[in-house]
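First comes the structure, then the notes that go with it.
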Amino acid sequence: MSEDDRPDAATAAFLAHRNLLFTVAYEMLGSAADAEDVLQETWLRWAGVDLDTVQDKRAYLVRITSRQALTRLRTLGRRKESYVGSWLPEPLLTTPDVAEDVELADSVSMAMLLVLETLAPTERAVFVLREVFDLPYEEIADAVDKTPAAVRQIAHRARAHVAARRPRGTVSPAATRDALEAFRRAVETGDLQQLIDLLAPDVVLVGDGGGLKQAVPKPVVGADKVARLLTAGLGRIPATASLHSTQVNGHPALVLRFDGELDTVVALRIDDGLITGLYAVRNPEKLSHMDRETTLRR
């Protein structure tokens, strides 16, 4: 391969796997903005690689991306400590095919990303690379600078941790849409009892305004408290507001707009047919990926 051909080959390989690399970084970070930064860092390193020495371009790119994302994940953890109010993952307006891949949709759901937040950085990287992308332990070991034996132990520990916290029972997209539509009707009509009936007794409402928009300062727990807060708050919304459903992170979610401008994205967690989590993202810096569809790949 000549020197002149090399940049073209590097670019073609990077573009061919870009959606996969973004998905890896996003699942490790929960932040689309940081995932895009990781891709830039990955490209800079990839552009300097002698492709004649690379046997598997996909594996090599995933390894670079994973390493960069792991480094950024540790930095992100320090940033979250000074974050104003509750921190929620950055919502993505996803393409329809994401919802069709049930395992992928489950792994990028707001509920699962919040579960992944409870893992240590290396545990999260290992879990994502093994459980979502099915990478061999040897490749993961190269990405996280551990031995394959250590990676197996970490994967086992992370799997048990996630299993104890992930949503209970499989919820079909149709059931999620039905619950979302019932929730929307109850909210719009101010039907307090109907709202309470849809919520699990220990439901949690989390709001993320990032200090830029008003949001509940800390999680609100309990069906009665959450229902009353929602009916009271939404009762003050002007007539120019609209509440519509859309695909966010591979699942149906609600989008609140004022005069056509996006204000809030509300994602749900459903366990055993009841809403157990409500995640309302209002921070405008986290809503930039809601104006265009994002393609995710495994």
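Throughout, numbering of the chain's residues begins at 1 and tracks the sequence.
- In the model, Arg18 has no side-chain atom that pairs as donor or acceptor with a side-chain atom of Thr23 under 3.5 Å.
- Around atom NZ of Lys80, more than 12 heavy atoms belonging to other residues, nucleotides or ligands sit under 6.0 Å away.
- Side-chain contact between Val144 and Val151 is present, with heavy atoms from C-beta onward closer than 4.5 Å.
- Closest approach of Val281 and Pro89 over heavy atoms only: CG2-O, 3.9 Å.
- A single hydrophobic cluster is seen to contain both Leu256 and Val187, as judged by linkage of ILVMFWY side chains at heavy-atom distances under 4.5 Å, directly or through other members.
- Remark: Ile275 CD1 to Leu199 CG distance equals 5.5 Å, nearest 0.5 Å.
- Side-chain contact check for Pro219 versus Leu205: every heavy-atom pair is 4.5 Å or farther apart.
- Residues Tyr83 and Asn283 bring a donor and an acceptor atom of their side chains to less than 3.5 Å of each other.
- Hydrophobic clustering (side-chain heavy atoms under 4.5 Å, transitive across Ile, Leu, Val, Met, Phe, Trp, Tyr) groups Met28 together with Tyr60.
- Between Gly277 and Val203, the closest heavy-atom pair is N-CG2, 4.0 Å.
- Using a 4.5 Å cut-off between side-chain heavy atoms of Ile, Leu, Val, Met, Phe, Trp and Tyr, with links allowed through other members, Leu116 and Leu21 fall into the same hydrophobic cluster.
- Contact detail for Leu113 and Ser107: the closest heavy-atom pair is CD2-O, 4.0 Å.
- Arg257 and Ser242 form no side-chain donor-acceptor contact under 3.5 Å, judged by distance and modelled atom types alone.
- Remark: the Thr94 side chain and the Glu293 side chain contain no N/O donor-acceptor pair separated by less than 3.5 Å.
- Taking a cutoff of 4.0 Å between a charged side-chain nitrogen and a carboxylate oxygen, Lys213 and Asp263 qualify as a salt bridge.
- When all heavy atoms are compared, the tightest approach of Ala182 to Gln194 is O-NE2, 3.9 Å.
- With values rounded to the nearest 0.5 angstrom, Glu181 atom CD is found 13.0 Å from Thr176 atom OG1.
- Atom CE of Met290 and atom CD of Glu90 lie 10.5 Å apart (nearest 0.5 Å).
- Nearest heavy atoms, Leu129 versus Ala143: CD1-CB, 4.3 Å.
- Counting only heavy atoms from C-beta outward, the side chains of Gln247 and Pro252 approach each other to under 4.5 Å.
- The backbone N or O of Val265 lies less than 3.5 Å from no partner atom in the side chain of Arg282, so there is not a single donor-acceptor pair.
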Worksheet entry | Step-by-step side-chain hydrogen bond (donor to acceptor under 3.5 Å, both in side chains) determination, Arg74 to Thr122 | CA-CA 9 Å; Arg74 295 184 176 115; Thr122 302; 3.2 Å; yes
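- The cationic atom of Arg159 (NZ for Lys, CZ for Arg) does not lie both less than 6.0 Å from the six-membered ring centre of Phe127 and within 45° of the ring axis.
- Checking Thr95 against Asp97 by side-chain atom types alone, a donor-acceptor pair falls below 3.5 Å.
- Using a 4.0 Å cut-off between charged nitrogen and carboxylate oxygen, Asp134 and Arg298 do not count as a salt-bridge pair.
- Aromatic ring orientation, Phe22 versus Tyr26: parallel (interplanar angle below 30°, classes split at 30° and 60°).
- By the neighbour-count criterion of 12 heavy atoms within 6.0 Å, atom CD of Glu188 is densely surrounded, having more than that number from other residues, nucleotides or ligands.
- Scanning both residues, Pro91 and Val248, for their nearest heavy atoms gives CB-CG1, 3.7 Å.
- Rounding to the nearest 0.5 Å places CD of Gln68 at 14.5 Å from CH2 of Trp43.
- For the side chain to side chain donor-acceptor pair (under 3.5 Å) test with Arg124, the passing option among Glu27, Glu117, His161 is Glu117; the others fail.
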